[in-house]
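A quick write-up on the structure given underneath.
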Amino acid sequence: MSNRKIAMLALLVAQAIILSFIERLIPTSFAVPGIKLGLANIITLIALYMFSVREAFLILVIRILLTSLLFGSITSLLYSAFGGLLSFLIMALFIKYARNKFSVVGISVAGGVFHNIGQIAAASIMVQNFKIVFYLPVLMISGVITGIFIGLIGKYLMKYMDRVR
Amino acid sequence: MKKNDFILIATLLICSIIAFFAVNSTQTRQGGKVVIKIDGQIYRTLDFSATTHEEIIIENNGHRNVLLIDNGRVDMIEANCPDKTCVRQKPIQYENQTIVCLPSKLVIEIEAQIGIEESEIDIIQ
């Protein structure tokens, strides 16, 4: 890995951590737990387009570990990791096999929805209660909406990121 | 955005809206029993009605949650966890509704009161 690439990956990790921090400052109050913007997903999305799957994965893992250490708890680590990994897997598969069929927005929506599916799965395993799955429809709708938002941001940001590369 | 994006978004939205109404239809009957579960095990159950007024303190492994039953509704009013997600959740009153607190592995469920026939339950809207 070249120095330039290491610096770029570190920069993206730093940006993702700041975005997670900003997200924590936004107060959210919903009837359903687990709804959030997922701002840090902008970085995962950009990384998947700009770098290899391995490098993007590295950014994601370091980001999840560091944000949990800095502002989270073991609980939040467990289920944000589960959601994050599932969302990453889906987005990576979409980019690998259907890159030309979907735009950034579509891929981000798929990632957002699967993030919430992973989160609910992890939560229901953790508390050993499957009634929590009842929250899924609302979480999926929120995943679609935030996915569109994150995808649009990613789309505009990528124009500028290309110049950096 | 491409055509496939719109198809994906529309499909996901339609599926989740259908699922939303399906779930909602299972949560329309006023419940009569609160089941408090920690880590999947029943910690306490309690019958309640519109006139019940009770505060329940749930303590487990350093986690402390306070549940208020009032006016036929069940609400988490206090938690000592950092995220307070369970406190922000709306009060629940219908069968199958839940309040979840992940750090303390706590789930509050509403069930039908045992021994009362369906027709005898007043449905409070």
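Residue numbers begin at 1 in each chain, while the letters A, B, ... track the order of the sequences. Keep in mind it's a predicted model, so treat the numbers as computed, not measured.
- Considering CD1 of Ile153(A) and CG of Leu45(A), their distance stands at 10.5 Å, rounded to 0.5 Å.
- Using a 4.5 Å cut-off between heavy atoms, Gln97(B) does not touch chain A at all.
- The CE atom of Met126(A) lies 11.5 Å from the CZ atom of Phe82(A); values are rounded to the nearest 0.5 Å.
- Most heavy-atom pairs under 4.5 Å with chain B: of the set Ala110(A), Ala123(A), Ala98(A), Gly151(A), this distinction falls to Ala123(A).
- The candidate with the highest count of non-hydrogen atom pairs below 4.5 Å against chain A, out of Leu13(B), Leu102(B), Leu8(B), is Leu102(B).
- Of the atoms belonging to Ile99(B), it is backbone heavy atoms, and not side-chain ones, that fall under 4.5 Å from chain A.
- Proximity to chain A (any heavy atom under 4.5 Å) is shown, for Gln41(B), by neither the backbone nor the side chain.
- Residue with the most contacts toward chain A among Ser16(B), Ala19(B), Ala22(B), Ser104(B): Ser16(B) (heavy-atom pairs, distance under 4.5 Å).
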Test Lys101(A) against Lys2(B) for side chain to side chain contact (heavy atoms under 4.5 Å, CB included), laying out the working first.
CA-CA 7 Å; Lys101(A) 293 196 184 84; Lys2(B) 292 178 180 165; over 6 Å; no
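- Between the side chain of Lys131(A) and the backbone N or O of Asn96(B) there is no donor-acceptor pair closer than 3.5 Å.
- Distance CD1/Ile59(A) to CZ/Phe88(A): 9.0 Å, rounded to 0.5 Å.
- In this structure, the side chain of Thr98(B) does not engage the main chain of Val100(B) through any donor-acceptor pair within 3.5 Å.
- Only the side chain of Thr26(B) comes within contact range of chain A, judged by heavy atoms closer than 4.5 Å.
- The CG atom of Leu106(B) sits 11.5 Å away from atom NZ of Lys37(B), with the distance rounded to the nearest 0.5 Å.
- A distance-only check finds a donor-acceptor pair linking the side chain of Asn116(A) to the backbone of Leu139(A) [under 3.5 Å].
- Panel note: side chain Glu78(B), backbone Val66(B); no donor-acceptor pair is recorded below 3.5 Å.
- The contact list for residues 141-148 of chain A toward chain B, using heavy atoms and a distance under 4.5 Å, reads Ile141(A), Val144(A), Ile148(A) by residue number.
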